[in-house]
Amino acid sequence: MPLVSVPPLSTNTATLYHRRPPLWARWALVIVAVDVMVVSVTSVIEYTWDIAGLLRSSNAGAINEPVQKDQKDPETKDSLPVQIATHMHMQPVWKKTLFSCLHLAAGVAVAGAVLANRARLLRTVTFTKRDSKTKTPPLIYVQAASHPVGLGFAFPIRDCYLASGATSQMVLQVDELGGWMLNLGGSVINGQKMKAKEYEGARSNMIRLWKDVGGEVVSKSRSNLPSKK
């Protein structure tokens with residue numbers, strides 16, 4: 001879906017919902033960058049391949065104690081680090097590859113989860129009335145936490161549904177495109193600032209406002225919504 005410019009506020013445009021994204025969403029790219037550095041060849045995978053790839057042999061228990069300082073013949077025994085090194089050998093390549101791939105998969109899963117949740121978390125919902133000149137239907141502009149400020153997706157309001165989510169959330173769902181989450185606590189609904197834990201009041205205000213602009217409210221989020229087209 002292409003991003004479009006969100007129209008500025010006017011007599012035909014209103015901001016229905018706004019909430020600053022949480023800290024983790026604002027720093028999502030930093031979290032992903034750290035995740036890449038931790039999991040990449042500079043850290044965990046490198047450690048798995050090189051240091052953790054060593055395996056003590058079965059006779060490693062035969063390592064002697066380090067030579068005492070008062071011993072007259074210190075060359076009769078190797079130092080402890082040398083003895084340990086002589087009883088180590090590399091793990092099989094298949095085993096090191098397996099564990100390296102597991103670390104890589106875990107890192108990819110964490111990065112994917114952060115980016116996916118950020119892309120479905122709403123920052124702003126804007127409504128525009130029907131334009132009689134261009135015959136454009138009433139539109140809903142959604143700006144997710146991952147979108148640049150001032151850009152978002154535009155959908156006809158007839159294709160959008162508002163549904164209940166978790167205790168502190170609601171879901172703005174669009175035909176065949178899934179849903180976006182609205183965090184209710186601390187949000188601004190129709191210009192009114194909600195308290196941090198005023199979930200039910202924010203939910204009631206959002207439902208009433210959504211119905212006022214012609215939107216439909218459903219009892220719960222549905223994965224496959226019938227198209228109204």
Side-chain angles (χ1 to χ4, degrees), residues 1-36 108 110-163 165-166 168-194 202-203 205-207 209-217 221 223 225 227-229:
M1 292 180 295
L3 290 173
V4 298
S5 297
V6 178
L9 295 180
S10 66
T11 55
N12 294 323
T13 305
T15 299
L16 306 184
Y17 166 91
H18 176 78
R19 189 182 189 277
R20 190 183 186 193
L23 185 64
W24 69 265
R26 300 197 302 269
W27 289 84
L29 297 182
V30 175
I31 295 174
V32 171
V34 172
D35 177 67
V36 170
V108 170
V110 171
V114 170
L115 294 178
N117 282 281
R118 177 173 175 254
R120 289 290 174 172
L121 184 63
L122 283 181
R123 179 197 297 122
T124 307
V125 178
T126 304
F127 167 76
T128 59
K129 297 179 180 179
R130 181 180 183 275
D131 191 331
S132 57
K133 294 181 179 179
T134 61
K135 297 183 179 180
T136 303
L139 296 176
I140 291 294
Y141 292 84
V142 296
Q143 298 180 66
S146 59
H147 293 162
V149 176
L151 298 178
F153 299 135
F155 307 106
I157 195 171
R158 65 173 180 267
D159 296 337
C160 303
Y161 303 79
L162 190 64
S168 61
Q169 293 179 328
M170 297 195 75
V171 181
L172 177 60
Q173 205 156 358
V174 181
D175 279 343
E176 302 176 359
L177 294 176
W180 284 263
M181 305 305 299
L182 295 84
N183 284 331
L184 298 174
S187 61
V188 178
I189 299 176
N190 197 26
Q192 181 181 357
K193 176 72 173 180
M194 298 290 109
R203 189 187 308 276
N205 288 350
M206 191 65 204
I207 291 175
L209 180 61
W210 185 255
K211 290 180 177 179
D212 288 344
V213 299
E216 181 180 348
V217 178
S221 178
S223 59
L225 293 171
S227 177
K228 297 180 181 179
K229 297 178 181 179

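Since the structure is predicted, the reported quantities are computational estimates derived from the model, not experimental observations. Values below: all heavy atoms of this structure, side chains included; hydrogens, waters and symmetry mates excluded.
Dense packing is recorded around CZ of Arg26, with more than 12 heavy atoms of other residues, nucleotides or ligands lying under 6.0 Å away.
Remark: side-chain polar atoms of Trp210 are paired, donor with acceptor, to backbone N or O of Glu216 under 3.5 angstrom.
Judged as a side-chain contact (heavy atoms from CB on, under 4.5 Å), and not counting sequence neighbours, the contacts of Val6 are Thr126, Tyr141, Gln143. Residues passing the side-chain contact (heavy atoms from CB on, under 4.5 Å) test with Val34, sequence neighbours excluded: Val30, Met37, Val38. For Pro148, the side-chain contact (heavy atoms from CB on, under 4.5 Å) test picks out Leu3, Leu151, with sequence neighbours left out. Not counting sequence neighbours, the partners of Ser10 by the side-chain contact (heavy atoms from CB on, under 4.5 Å) test are Asn12, Thr13. Listed by chain and number, the residues in a ring pair (Phe, Tyr, Trp, His ring centres under 6.0 Å) with His18 amount to none (sequence neighbours excluded).
Rounding to the nearest 0.5 Å places CE of Met206 at 12.5 Å from NZ of Lys211. Put simply, CD on Gln192 and CG on Asn205 are 5.0 Å apart, with the number rounded to the nearest 0.5 Å. In this structure, Phe155 CZ and Ile140 CD1 are separated by 10.5 Å, a value rounded to the nearest 0.5 Å. Met170 contributes atom CE, which lies 5.5 Å from atom CZ of Arg203 (distance to the nearest 0.5 angstrom). In this structure, Asp159 CG and Glu176 CD are separated by 8.5 Å, a value rounded to the nearest 0.5 Å.
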Output side-chain donor-acceptor pairs under 3.5 Å for residues 110-122, partner residues at least two apart or in another chain, one line each.
unit_1	atom_1	unit_2	atom_2	d
Asn117	ND2	Ala113	O	2.7
Arg118	NE	Ala25	O	3.1
Arg120	NH1	Leu177	O	3.1
Arg120	NH1	Gly179	O	3.3
Arg120	NH2	Leu177	O	3.1

Validation: residues 182-190 side-chain donor-acceptor distances under 3.5 Å, sequence neighbours left out:
unit_1	atom_1	unit_2	atom_2	d
Asn183	OD1	Gln169	NE2	2.8
Ser187	OG	Leu184	O	2.7

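Within the 4.5 Å cutoff, the side chain of Leu172 has heavy atoms near those of the Cys160 side chain. In this structure the side chain of Tyr161 never reaches within 4.5 angstrom of the side chain of Val171, judged on heavy atoms.
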